[in-house]
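The figures here come from the full heavy-atom set of this structure, side chains too, leaving out hydrogens, waters and symmetry mates. The shown structure was predicted, so the numbers you read here are calculated from the model rather than taken from an experiment. A note on names: the letters A, B, ... follow the listed sequences, proteins ahead of strands, and every chain is numbered from 1.
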Number of protein chains: 2
Amino acid sequence: MSSSRGQGKHAGLSREQVLQAAVALIDAEGVGALSMRRLARELGVEAMTLYHHVQNKGALEDAVVEYILTESRREPVHAATWQEALTEYALDFHRGLLAHPGAAILVASRPGLTERNLSDLEHLLQILTEAGFSPPTALAIVHATAASVLGQHLSVSDEHRESPAPAAGAGPLVNSALEPGLPDADALLKFTLKALMAGYESLL
Amino acid sequence: MSSSRGQGKHAGLSREQVLQAAVALIDAEGVGALSMRRLARELGVEAMTLYHHVQNKGALEDAVVEYILTESRREPVHAATWQEALTEYALDFHRGLLAHPGAAILVASRPGLTERNLSDLEHLLQILTEAGFSPPTALAIVHATAASVLGQHLSVSDEHRESPAPAAGAGPLVNSALEPGLPDADALLKFTLKALMAGYESLL
DNA sequence: ACCTGAACACCGTTCAAGT
DNA sequence: ACCTGAACACCGTTCAAGT
């Protein structure tokens with residue numbers, strides 16, 4: 001606001017504030033609006049100041065992804081079966097992406113998806129191996145599940161934009177499929193998860 | 001090369017050449033290297049020249065996505081069942097993404113995924129509705145299938161980068177899961193598709 | 001330790017101009 | 001019709017300098 005504080009007068013800027021501002025910017029205007037200079041302006045600070053809290057733009061993006069995933073992660077308590085544990089994991093992921101639709105593409109372009117919280121992953125692998133899957137198979141299962149969740153969000157958000165004008169050059173079946181409105185993301189995901197779990201079970 | 005042709009001397013540049021050069025650039029150096037100015041340099045032409053063949057950068061990206069998907073699309077001939085037809089569709093998509101791994105993030109960030117070729121989609125919906133699915137359910141099925149394929153590619157390409165150093169802070173199960181090497185993308189996808197088909201069948 | 005400001009090598013895109 | 005060149009408003013990032 002008041003555009004000079006002078007050098008050395010620190011703004012009391014914390015890494016936490018930087019990340020929250022980045023997420024807010026993405027939510028409000030999309031990933032395209034996230035730049036070091038723009039984010040700095042949003043925080044009332046010079047662009048170079050951000051490099052004191054974050055190594056570079058890539059690290060900022062990684063941190064945003066981690067922030068969102070951590071934020072959406074619930075306590076993994078009540079999981080009686082491996083199916084429930086895996087479904088819970090997927091729904092946590094889903095909730096995070098739903099809360100910040102513009103960030104899905106960031107999650108897709110940065111690693112850390114598969115790691116997520118490495119301890120969470122380890123925990124899931126433990127449950128799956130105890131259920132009888134080999135470690136590589138267990139990892140493949142977690143991987144495929146997360147990929148399905150992520151993929152769903154990427155294409156769902158695409159469709160949202162086109163929902164006003166679906167009938168471009170589409171045939172009659174496409175149009176009648178879109179008539180009741182866009183498919184419910186929650187219902188679609190739950191169905192996909194159920195299908196996947198059934199397929200995984202057949203491996204045992 | 002010889003850095004002046006003079007104005008008006010056309011380079012004989014076609015839209016097709018522009019798209020091929022864009023794909024080649026992405027394959028060689030990743031999406032990050034794709035810029036109007038860089039692509040022009042690659043073609044021995046001034047940046048503004050490209051605007052004669054493509055409306056803007058977004059349209060270029062859309063065209064690249066369409067190019068890749070069309071290139072990988074095979075004739076949808078031998079599909080005896082809806083499961084086969086859907087699996088073929090998914091494998092075509094998969095092949096396109098495998099051929100141009102760097103472009104997966106472009107496919108994810110641009111619409112056209114769900115449309116793909118709108119006539120292809122219409123054709124698939126016809127097969128699925130004839131099999132007994134309602135049009136909205138059929139669309140949801142196609143959507144979820146494509147999302148699973150795309151998601152798999154986004155996270156698989158992530159893991160490739162980390163394969164030299166998997167043991168950062170990972171637990172014993174993560175490490176033993178990675179020991180036999182990275183999961184085979186083809187095998188993983190085929191398993192995922194089988195699981196999904198089984199789930200879809202249960203809807204009928 | 002924390003922040004600034006100028007500078008460098010990039011972007012996408014518009015617009016007027018050349019042939 | 002096709003291409004160029006200067007210009008505008010942006011980028012990420014380095015580096016030396018302020019307090």
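When rounded to the nearest whole Å, the span between CG of A:Leu43 and P of C:dC3 equals 11 Å. Across the protein-nucleic acid pair, B:Glu46 atom CD and D:dA6 atom C1' stand 11 Å apart, rounded to whole Å. Atom-to-atom, CG of A:Leu39 to C1' of D:dG12 comes out at 13 Å; the value is rounded to the nearest Å. Between the CD atom of B:Gln17 and the P atom of D:dC2 there is a distance of 13 Å, rounded to whole Å. Rounding to whole angstrom units, CZ of residue B:Arg37 and C1' of C:dC11 are separated by 6 Å. Here C:dT4 presents its P atom at 15 Å from CZ of A:Arg41, a figure rounded to the nearest Å. As a whole-Å value, the separation of B:Leu34 CG from C:dG12 C1' is 12 Å. Atom-to-atom, NZ of A:Lys57 to C1' of D:dC11 comes out at 8 Å; the value is rounded to the nearest Å.
A distance of 8.0 Å separates CD of A:Glu66 from CG of A:Leu69, quoted to the nearest 0.5 Å. The line from CD of B:Gln126 to CG of A:Leu173 is 6.5 Å long, rounded to the nearest 0.5 Å.
Regarding contacts with the backbone of C:dT4, a side-chain N or O of A:Thr49 is found under 4.0 angstrom from either OP1 or OP2. Within the structure, a side-chain polar atom (N or O) of A:Tyr51 is placed less than 4.0 Å from OP1 or OP2 of D:dT13.
In this structure, A:Met36 reaches the sugar-phosphate backbone alone: every heavy-atom distance under 4.0 Å involves primed, P, OP1 or OP2 atoms, never a base.
In this structure D:dC10 sits in no base pair that meets the Watson-Crick or G-U test at under 3.5 Å. Shown here, D:dG5 forms a base pair with C:dC15; the pair counts as Watson-Crick or G-U wobble because both key distances fall under 3.5 Å.
Proximity note for B:His52 (side chain, C-beta onward) versus D:dC3, D:dT4, D:dT13: the nearest is D:dC3. Taking only side-chain atoms of A:Ser35, from C-beta outward, the nucleotide of C:dC3, D:dG12, D:dG5 with the closest atom is D:dG12. Checking C:dC11, C:dC3, C:dG5 against every side-chain atom of B:Arg38, the shortest atom distance belongs to C:dC11.
Looking at A:Val65 and A:Glu61, their side chains never come closer than 4.5 Å, going by heavy atoms from C-beta outward.
Under the side chain to side chain donor-acceptor pair (under 3.5 Å) rule, B:Gln83 has a single partner from B:Glu88, B:Glu201, B:Lys194, which is B:Glu201.
Note on ring orientation: taking the six-membered ring where Trp is involved, the planes of B:Trp82 and B:Tyr200 are tilted (angle from 30° to 60°).
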